[in-house]
J.: 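I am attaching a structure below and will ask some questions about it afterwards.
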Amino acid sequence: DIQMTQSPSSLSASVGDRVTITCRASQTISTNLNWYQQKPGKAPTLLIYEASILQRGVPSRFSGSRSETEFTLTISGLQVEDFATYHCHQSYSFPFTFGGGTKVEI
Amino acid sequence: EVQLVESGGGLVQPGGSLTLSCAASGFTFSNYWMHWVRQVPGKGLVWLSRVSSDGTTTTYADSVNGRFTVSRDNAQNTLYLQMNTLGVEDTAVYYCARLISWGYFDYWGQGALVIVSS
């Protein structure tokens with residue numbers, strides 16, 4: 001199985017900050033990496049797919065990038081509504097696997 | 001509007017069985033592969049199973065293979081997850097999700113809480 005190592009597991013930030021979350025795959029997954037946002041008590045929602053493509057309706061302050069097996073989610077200018085948990089997800093091979101999540105707190 | 005609505009969660013004793021349903025609306029259900037993902041509260045997401053658009057192909061995570069069965073009724077626009085021989089480790093929120101062919105989940109259900117406890 002492909003292991004997805006997500007870091008950090010949590011971080012504290014302020015409104016307006018630039019936040020970076022990283023996910024490292026245990027083997028090549030091409031660009032088959034997706035990012036989801038999850039708020040307490042709610043289902044995840046898709047932010048970015050194929051490593052860097054913004055889902056329709058997602059604010060442009062969210063961006064994704066890839067360097068080999070390392071993937072980054074960046075939030076440029078953190079807003080109040082962005083305080084949530086973020087998950088990465090590899091869809092390169094089965095079983096699909098997720099990172100452990102990153103909780104972004106105030 | 002695309003909607004996925006899970007039902008069937010609840011409290012079950014260890015060794016028991018439960019069947020979750022996921023009612024789909026707002027899209028042509030029979031065109032999409034559907035998946036189940038679960039999450040222990042406060043923990044990460046874990047992929048469980050998938051079923052092809054026509055219901056003929058299924059795949060499972062090792063942790064549930066042989067105990068869980070995914071199926072669908074395209075006439076009723078409903079996805080199912082039959083769970084047998086449940087253990088306390090199966091306590092989680094269970095989500096159904098629609099997979100887009102590029103390989104991402106664009107819609108998720110609201111989640112169904114399953115608690116396995118005596």
Side-chain angles (χ1 to χ4, degrees), chain A residues 1-10 21 23 25 28-58 62 64 66 71 73 84-103 105, chain B residues 1-7 9 20 22-24 27 32-52 57-66 68 70 79 92-114:
Chain A
D1 297 1
I2 297 174
Q3 306 303 313
M4 302 301 298
T5 303
Q6 187 172 343
S7 61
S9 57
S10 66
I21 299 168
C23 228
T28 183
I29 59 170
S30 186
T31 57
N32 300 128
L33 189 284
N34 312 303
W35 291 98
Y36 303 87
Q37 179 191 69
Q38 186 178 31
K39 296 187 177 178
K42 300 295 186 182
T45 59
L46 179 68
L47 292 175
I48 287 170
Y49 61 95
E50 283 293 297
S52 61
I53 302 175
L54 206 62
Q55 170 70 342
R56 186 174 57 248
V58 173
F62 290 93
R66 171 206 178 201
F71 298 82
L73 172 69
T85 298
Y86 295 85
H87 305 273
C88 64
H89 157 230
Q90 69 81 16
S91 55
Y92 180 80
S93 68
F94 284 95
F96 283 172
T97 46
F98 294 83
T102 296
K103 186 174 184 179
E105 301 174 293
Chain B
E1 178 193 6
V2 171
Q3 283 198 312
L4 298 171
V5 179
E6 291 111 341
S7 60
L20 302 180
C22 171
F27 66 102
Y32 293 86
W33 287 63
M34 296 295 295
H35 294 239
W36 288 97
V37 175
R38 73 182 177 186
Q39 183 178 36
V40 173
K43 302 296 184 183
L45 299 163
V46 176
W47 177 84
L48 292 181
S49 68
R50 65 169 178 168
V51 59
S52 60
T57 301
T58 58
T59 311
Y60 300 92
D62 287 346
S63 59
V64 303
N65 196 23
F68 289 13
V70 60
L79 174 72
V93 176
Y94 287 73
Y95 295 101
C96 60
R98 185 178 86 166
L99 185 79
I100 292 298
S101 57
W102 278 40
Y104 57 88
F105 300 119
D106 66 338
Y107 285 96
W108 299 65
Q110 86 285 2
L113 177 61
V114 173

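Basis for what follows: all heavy atoms, side chains included, without hydrogens, waters or symmetry-related copies. A note on names: the letters A, B, ... follow the listed sequences, proteins ahead of strands, and every chain is numbered from 1.
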J.: Could you give the distance from CG (B:Asp62) to CG (A:Asp1), rounded to the nearest 0.5 Å?
T.: 6.5 Å
J.: At a heavy-atom separation under 4.5 Å, does B:Val37 approach chain A through its side chain, its backbone, both, or neither?
T.: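 The answer is the side chain of B:Val37.
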J.: Given a strict heavy-atom distance threshold of 4.5 Å, which part of A:Gln6 is in contact with chain B: side chain, backbone, both, or neither?
T.: neither
J.: Please report the interatomic distance CD(A:Glu50) to CD1(B:Ile100), rounded to the nearest 0.5 Å.
T.: 12.5 Å
J.: Could you look at A:Tyr92 and say if it's the side chain, the backbone, both or neither that has a heavy atom under 4.5 Å from chain B?
T.: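 Neither; nothing under 4.5 Å.
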J.: Side chain, backbone, both or neither: which part of A:Ile53 has a non-hydrogen atom closer than 4.5 Å to chain B?
T.: side chain
J.: Using 30° and 60° as the class limits, which term best fits the ring planes of B:His35 and A:Phe94: parallel, tilted or perpendicular?
T.: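 The rings of B:His35 and A:Phe94 lie parallel, inter-plane angle below 30°.
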J.: Please confirm whether the backbone N or O of B:Gly103 pairs with a side-chain atom of A:Asn34, one donor and one acceptor, at under 3.5 Å?
T.: yes
J.: Of all the heavy-atom pairs spanning B:Gly109 and A:Ala43, show the shortest one and how long it is.
T.: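 The answer is O-CB, 3.1 Å.
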J.: If you measure from CG on A:Leu46 to OH on B:Tyr107, what distance do you get to the nearest 0.5 Å?
T.: 10.0 Å
J.: From B:Trp108 CH2 over to A:Lys42 NZ, what is the distance, rounded to the nearest 0.5 angstrom?
T.: 15.5 Å
J.: Heavy-atom distance under 4.5 Å to chain A: side chain of B:Tyr95, backbone, both or neither?
T.: side chain
J.: Side chains of A:Ser91 and B:Phe105: closer than 4.5 Å at any heavy-atom pair?
T.: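 SC-SC contact between A:Ser91 and B:Phe105 ruled out.
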J.: Which answer fits B:Leu99, side chain, backbone, both or neither, if we ask what part of it has an atom under 4.5 Å from a heavy atom of chain A?
T.: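 Answer is side chain: those atoms of B:Leu99 sit under 4.5 Å from chain A.
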J.: Rounded to the nearest 0.5 Å, what separation is found between the CH2 atom of B:Trp47 and the CZ atom of A:Phe96?
T.: 7.5 Å
J.: Mind checking whether A:Tyr49 and B:Asp106 have side chains closer than 4.5 Å, heavy atoms only?
T.: no
